[in-house]
Amino acid sequence: MSENLSELLGRKGLDTNLFDQLGRLARPEGTPAEEELARLAEEFLIGKANIFGTASFYDFLKPENKGKQVYVCNGSACECAGTQPGVLKKLGTAFSPEQIGHMTCLGRCHENAAFHYKGRNYSGADIDHLHALVEGIPPDGGDTYYVAASHEPVLTRPFTNLDTHYKPWLEVLGKDAETTLEEIKASQLRGRGGAGFPMGLKLEFCRKAPGEVKFIICNADEGDPGAYSDRYLLEQRPHSVLFGMLVSGYVTGANHGIVYIRAEYPEAVQRVQEAIEALKGAGLVGEDIRGSGFNFEFKVIQAQGSYICGEETALINSIEGQRPEVRVRPPYPAQRGLFNKPTVVNNVETLAALHFIVSQGGAAWKALGTERSSGTKLVCLDSYFSRPGVYEVVMGTPMKEVVDHLGQGFRKPVKALQIGGPLGGVVPVGKLPELTLDFESFSSAGFLLGHASVVCIPESYPMMRYIEHLFDFAAYESCGKCFPCRLGTKRGHELAQKALQGGYAIDRTLFDDLLTTLEQGSLCAHGGGIPLPIRNIVRYFEPELQSYFT
C-alpha cells in the first residue's frame, strides 16, 4: 500500500508537496483544521485515514499542539545541566501550562536553558529577559559558541565568495561525471550521520539505478541531543552543503535536491533558503547551468518534530506526506526511494566534505585520519566543558586531546560522556585515554562514535535516572512500526520508573532479555541502538545501580 501511496503523492511533484502544505496549515493554530485535512485527502486521493494518521504523528502538527505558544528544550544536554526546571518556572510567569510545549533538541547544548518562542530559539541568559521578549524586545547578543580546528581547517574554513567557492563546481560540470565519482570513492569518505557507510558507494548505486527522475536529499534532521555541528554548517557554511548536493546530483544524474531541515532549527531554514536564492541569482543552479546541459533545482522542506525522521527511509516517507515509519529494506533508497525513484540521502556534514574532495582530490582527504576512518570530523562539546563549542578534529585524534586540549577540561566533576546521541555509547571518563576519535576505536571498545556529539553526565546525576531518560526518549520517538521497539522501549521506561519510585527491583534476567529483543528484533537502529548505552551504564556503573536490580 505504501508504494501505491508514494506514487499518488508524487503526482504533483515537489512544488505542491503535501508535507509542506500540512506545515503551512498548522502555523496559525499549531495544528491543521480537520476540514483542511479532509480537503487535502481528497486533493491527493489518499484517504482521510492516511492524512489524519500523518498529522497526528508529528509534535507540531498533532491536535495536542493547538494553542502552544512557547516550547522548552528537553534534550539530554539540558536535562543533565539541570537548567530546565528553572526555565519552566520562569515561562510559567508569562504563559499558562497549556501554552507551553516541548522540543528535542534546540541545538543550544553549549549553554543550555534553551526554549523556543515565535519561530526563534533562545538559550543561556535569554530566559532572564523573558517579559521583554514577550513584549517584542529581543535580548542583546545572540547565539555564540567557540569554533576551532585541531589542524588546518577543512569544514570550518571561512567562506570566500560565490565565484571562488563554486569555481570547482563549474570545473566538475566540464568533466565526465564518472571522473568525479571516482575521486569521491578514492577519498573513502564515510557518512557522518552515524552509520558510517561509504558515500561513494551510495552515489554509485544511485548512478547505476535506472530512471530519468532521481533525488538528492540532505538529511538535516539533526535530532541527537548534544549535537549542533549540522546547525553550524547550515547557518554559517550553507554553501558547503549546497555544493555537495550539486556534485552529488551531477554524478548520479539527479536533478532535484531537497534540504530537509528540522523544525527546531528555524534560523537554519532561513539561511539555507537565502543561500539558494544567491545561487539562483548567480546562475549556478537551475536549468542548463552555465550552458552545461545539466539541470538542478533545490527545495527546502521544514520538518515538523520527529526524531525518527533522521532515519533515511522514515525521512523519505515524511517528505511524501506519509507517517514517518521506517521502511523494510531491500529495496534500498538508491534503487527505490522518494516517490519510488532512486534517491541518495546523506547528512549535512557528509555533503559539506565534498568541496574539499572535489577541490583537492580524494587522496588529500584520504591522507587525513586513519586507514579506515578518513578525513576530519566535527565534534560538539556541551556546557560542562570549560570551552564548549564545535571542533573539527582529524580522525584518529586521542579523545583525551579533544577533552583536555580543545575543550580545556570540565568545569564541574563529570563521571561519563554519552557520545553519538541517545543511541551512542556511555563512556566512563576513565575509559577516555583508551579511545581515539574514529569509528573503529569506538566500536572495538563497545561504544559508538555516531554523530560525535558529547553530552556530559555529571557526578551528581543518578545513572538510573539517565536510563529512565533514555528509555523515555526512545519510547516517545519510536515510529511504532515494529513491535520490539514500540513495546520494548515503553516497557523499559516503565521498569526504570518503578525502580526509581522505590519498592521495586528490576529482574536482571528480564532486563537483559528486553535489551536483547530490542537489539535483535527491531526494524531499524532506533530500537536496535538504544540497548547500547543502557548496557554501558549497567556494566560500568554497577555499584551505583545495585539497589535497583535483583
Side-chain angles (χ1 to χ4, degrees), residues 19 23 57-62 71-80 101-110 112 114 116 121 123 191-195 217-235 241 259-269 301-319 323-326 345-350 378 380 382 390 418-424 448-455 469-480 485 489 524-530 532-533:
F19 188 65
F57 186 94
Y58 296 88
D59 285 345
F60 312 129
L61 295 181
K62 62 176 59 174
Y71 301 84
V72 63
C73 179
N74 64 354
S76 302
C78 282
E79 164 72 17
C80 288
H102 77 270
M103 283 185 168
T104 311
C105 131
L106 297 181
R108 298 298 186 96
C109 316
H110 58 287
N112 309 124
H116 176 100
N121 290 339
S123 54
R192 286 349 194 197
I217 298 176
C218 172
N219 182 351
D221 196 56
E222 179 183 59
D224 287 348
Y228 50 101
S229 53
D230 287 358
R231 181 170 77 85
Y232 157 74
L233 291 170
L234 293 166
E235 292 178 6
V241 183
V259 191
Y260 184 96
I261 306 176
R262 58 199 308 259
E264 294 86 348
Y265 287 176
E267 294 91 346
V269 174
I301 292 180
Q302 187 168 5
Q304 295 298 329
S306 172
Y307 176 78
I308 198 62
C309 288
E311 198 280 336
E312 62 178 6
T313 62
L315 183 153
I316 288 169
N317 271 354
S318 178
I319 294 173
R323 283 175 64 89
E325 293 180 341
V326 174
V345 182
N346 274 120
N347 106 304
V348 172
E349 187 179 340
T350 315
L378 296 180
C380 301
D382 74 357
V390 174
Q418 184 164 33
I419 302 175
L423 310 181
L448 179 74
L449 179 61
H451 204 290
S453 56
V454 180
V455 172
H469 168 73
L470 290 174
F471 270 129
D472 185 28
F473 175 87
Y476 183 85
E477 297 293 352
S478 173
C479 80
C485 179
T489 54
C524 81
H526 184 75
I530 199 66
L532 173 64

Rounded to the nearest 0.5 Å, the CG atom of Asn219 sits from the OG1 atom of Thr350 at a distance of 9.0 Å
Side-chain contact, heavy-atom cut-off 4.5 Å: Ile308 with Glu477?
-> no
Ring centres under 6.0 angstrom apart (Phe60, His116) = no
Specify the closest pair of heavy atoms between Pro324 and Cys479, including all atoms of both residues, with the distance to one decimal.
-> O-CB, 3.6 Å
Has the side chain of Glu325 got a donor or acceptor atom that lies under 3.5 Å from a matching backbone atom of Asn317?
-> no
For Cys380, enumerate each residue passing the side chain to side chain contact (heavy atoms under 4.5 Å, CB included) test, keeping only those at least two apart in sequence or located in another chain.
-> Tyr228, Ser229, Val390
To the nearest 0.5 Å, tell me how far Leu532 CG sits from Leu448 CG.
-> 6.0 Å
Side chains of Glu267 and Asn121 in contact at under 4.5 Å (non-hydrogen atoms) = yes
If you look only at pairs with a residue in residues 222-232, which of them pass as a salt bridge (Lys or Arg N to Asp or Glu O under 4.0 Å), with sequence neighbours excluded?
-> Asp143-Arg231, Arg231-Glu235
Could I get the full list of side chain to side chain contact (heavy atoms under 4.5 Å, CB included) partners for Ala474, not counting sequence neighbours?
-> Thr489, His526, Ile530
Taking atom CZ of Phe19 and atom CG of Leu61, what is their separation to the nearest 0.5 Å?
-> 6.0 Å
Leu423 versus Ala525, closest heavy-atom pair with distance = CD1-O, 3.2 Å
Residue set satisfying side chain to side chain contact (heavy atoms under 4.5 Å, CB included) with Gln302, at least two apart, ordered chain then number -> Arg27, Ala263, Val269
For the pair Ser306 and Asp59, evaluate side-chain contact (heavy atoms from CB on, under 4.5 Å) and give the outcome as yes or no after the intermediate values.
-> CA-CA 7 Å; Ser306 172; Asp59 285 345; over 6 Å; no
Residue that, paired with Gln418, satisfies side chain to side chain contact (heavy atoms under 4.5 Å, CB included) out of Cys80, Ser453, Pro225, Pro533 | Pro533
Considering non-hydrogen atoms only, spot the tightest contact between Tyr58 and Cys309 and give its length.
-> CE2-SG, 4.0 Å
Atom CZ in Arg262, atom CE in Met103: separation rounded to 0.5 Å?
-> 9.0 Å
Shortest non-hydrogen contact from Cys105 toward Gly226 | SG-N, 4.2 Å
Contacts of type side chain to side chain contact (heavy atoms under 4.5 Å, CB included), residue Glu79, not counting sequence neighbours | Tyr461, Arg465, His469
Closest heavy-atom contact between Pro422 and Phe473?
-> CG-CE2, 3.4 Å
Can you tell me how far CD of Glu349 sits from CG of Leu234, rounded to the nearest 0.5 angstrom?
-> 11.0 Å
List the steps and the verdict of side chain to side chain donor-acceptor pair (under 3.5 Å) for Thr313 and Glu311.
-> CA-CA 6 Å; Thr313 62; Glu311 198 280 336; 2.5 Å; yes
Evaluate ring pair (Phe, Tyr, Trp, His ring centres under 6.0 Å) for His102 paired with Tyr476, printing each intermediate quantity in order.
-> CA-CA 12 Å; His102 77 270; Tyr476 183 85; 5.2 Å; yes
Under the ring pair (Phe, Tyr, Trp, His ring centres under 6.0 Å) test, residues paired with Tyr260 that sit two or more places apart = none
So do the side chains of Val259 and Val241 get within less than 4.5 Å of each other, counting heavy atoms only?
-> no
Starting at CG of Leu106, measure out to CG of Asn74 and round the result to the nearest 0.5 Å.
-> 9.0 Å
